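Worksheet: the structure to be examined is printed underneath.
Just so you know, these numbers come straight off a predicted model, no measurement behind them. Position 1 is the first residue of the sequence, and the numbers go up from there.
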Amino acid sequence: MNLFQITKTNNLSLLKEKPFKLEREIQALVENNLPELMGLEMVKSEFFIKGKRIDTLGYDAQSKAFVIIEYKRDKSTSVVDQGFTYLSLMLENKADFVLSYNETLHKTIHSKAIDWSQTRVVFVSPSFTENQRLATNFKDIAIELWEIKRYENDLISINPIKKTKSAESIKPLSKQNSIIQAVTAEIKVYTEEDHLNSSLEEVTELYEWYKNAILNLSDDIEIVPKKLYIAFKKNKNIADIIILKKGLKIFINLKKGQLDDPKGLMKDVSKTGHWGNGDYETIVNSTMNLEYLMSLIKQAIL
């Protein structure tokens, strides 16, 4: 991707890439800005366990799951093999990860509070080979590739490499590898289909209406299915949808008092337990208030 700067004469000047010399530069940049870049809590740098070193250990408070981050400059390494090795290592040593979280962040989270099925590995690199991209292009693999580049004028771009819509399941291949089989048996990467499989046709159609309306609110909104809901993100969660038997439950990711809702359509759930993010929810079973709801969700983007 080329980046340009607008000059005083309204011309475009191509910004030159300034490659990272060391992995450590990338690691320091990501760790110092982990909440902003990936929405994660920073747990520990250089986490050693059973003779192996994990570059960065993060925690996803929304998914209640740990995230292992590795930085790659070696293009010949198999990210799949390394990724599943780390996932297996975590599942076999859960107590050590919880202990590190509690000691580093001075908290008292219990292993049972962690959703181990949502564990994932993120590889960060200035570039990935075609083989590495293809090897991780499975819809249900808990391994992500993020590409980071540095340009002159201290500009940084960092973007996840999205899986193709035709990505297949890794489960047929897991039978050939005991580590992959063990990990995929415990770790689950959710899809929209998982949430819609048992829903009525009219509910699925209703979801498509609201999904497309949310995606049209802004560029680069991505759909991230979680265990209990389908999240819509633009740098951060802006809205979540739960598929119900006869409709949809929609959450807006704003804190109490931040939403301007003159019609009073949204319910305040700040003091009640709920699955989605944010303090506002509503249930819909038609498109009657679709445009108005989009005006509310748009407030979470600004």
Side-chain angles (χ1 to χ4, degrees), residues 23 26-27 30 34 38 40 43-60 62-101 109-125 127-147 160-164 166-191 193-194 224-227:
E23 281 185 13
I26 302 174
Q27 184 171 351
V30 172
L34 201 53
M38 298 184 184
L40 304 176
V43 179
K44 195 165 187 177
S45 179
E46 309 293 332
F47 177 45
F48 285 87
I49 181 169
K50 304 299 181 183
K52 294 188 179 296
R53 186 198 69 184
I54 290 173
D55 290 340
T56 304
L57 180 62
Y59 183 74
D60 187 338
Q62 292 182 348
S63 299
K64 295 182 173 58
F66 287 105
V67 179
I68 294 171
I69 304 172
E70 291 290 309
Y71 309 93
K72 307 299 297 180
R73 289 186 64 85
D74 184 1
K75 292 180 170 34
S76 63
T77 304
S78 169
V79 290
V80 172
D81 290 343
Q82 187 177 1
F84 274 101
T85 297
Y86 281 123
L87 289 171
S88 178
L89 186 69
M90 177 180 289
L91 295 177
E92 292 173 357
N93 301 276
K94 296 176 181 177
D96 295 279
F97 285 83
V98 173
L99 180 63
S100 177
Y101 178 91
I109 195 170
H110 194 277
S111 179
K112 291 182 179 179
I114 306 295
D115 186 353
W116 300 98
S117 72
Q118 295 290 278
T119 302
R120 54 195 168 100
V121 174
V122 175
F123 288 100
V124 180
S125 174
S127 64
F128 293 96
T129 66
E130 186 65 19
N131 285 339
Q132 289 173 330
R133 291 169 180 254
L134 290 173
T136 55
N137 189 38
F138 293 95
K139 64 181 181 180
D140 51 1
I141 192 173
I143 299 173
E144 300 175 7
L145 305 182
W146 286 59
E147 196 170 69
I161 296 174
K162 296 181 180 180
K163 296 175 173 54
T164 63
S166 59
E168 298 180 353
S169 171
I170 197 173
K171 289 182 179 179
L173 298 178
S174 67
K175 298 176 182 178
Q176 305 169 18
N177 186 304
S178 58
I179 293 179
I180 294 179
Q181 190 172 33
V183 169
T184 53
E186 186 164 352
I187 292 179
K188 169 72 174 174
V189 178
Y190 291 89
T191 64
E193 289 74 22
D194 291 319
V224 186
K226 297 292 185 179
K227 183 177 182 179

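Using a 3.5 Å distance cut-off with no hydrogens or angles, the side chains of K227 and S63 do not pair a donor with an acceptor.
Other residues, nucleotides and ligands place more than 12 heavy atoms under 6.0 Å from the CD atom of E186.
K72 contributes atom NZ, which lies 12.5 Å from atom OG of S127 (distance to the nearest 0.5 angstrom).
Both tests hold for K188 against Y190: distance to the six-membered ring centre under 6.0 Å, angle to the ring axis within 45°.
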Given salt bridge (Lys or Arg N to Asp or Glu O under 4.0 Å), test R120 with E144 step by step and report yes or no.
CA-CA 8 Å; R120 54 195 168 100; E144 300 175 7; 3.2 Å; yes
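Using bins of under 30°, 30° to 60° and over 60° for the plane-to-plane angle, the ring pair W116/F66 lands in the tilted bin.
T119 and M90 get closest at one heavy-atom pair: CG2-SD, 3.1 Å. The two residues V79 and Q132 come nearest to each other via the heavy atoms CG1-NE2, 4.0 Å.
Counting heavy atoms from C-beta outward, D140 and K171 have side chains that approach closer than 4.5 Å. In this structure, the side chains of E130 and L134 come closer than 4.5 Å at one or more pairs of heavy atoms. The closest side-chain heavy-atom distance from I69 to W146 is not below 4.5 Å.
Judged by distance alone, with hydrogens and angles left aside, the side-chain atoms of S88 form no donor-acceptor pair with the main-chain N or O of T85 at under 3.5 Å. S100 contributes no side-chain N or O that, together with a main-chain N or O of D96, makes up a donor-acceptor pair within less than 3.5 Å. Checked by atom type and distance alone, the side chain of S117 never pairs as donor or acceptor with a backbone atom of I187 at under 3.5 Å. The backbone N or O of T56 lies less than 3.5 Å from no partner atom in the side chain of E46, so there is not a single donor-acceptor pair.
Centroid-to-centroid, the aromatic rings of F47 and F97 come within less than 6.0 Å.
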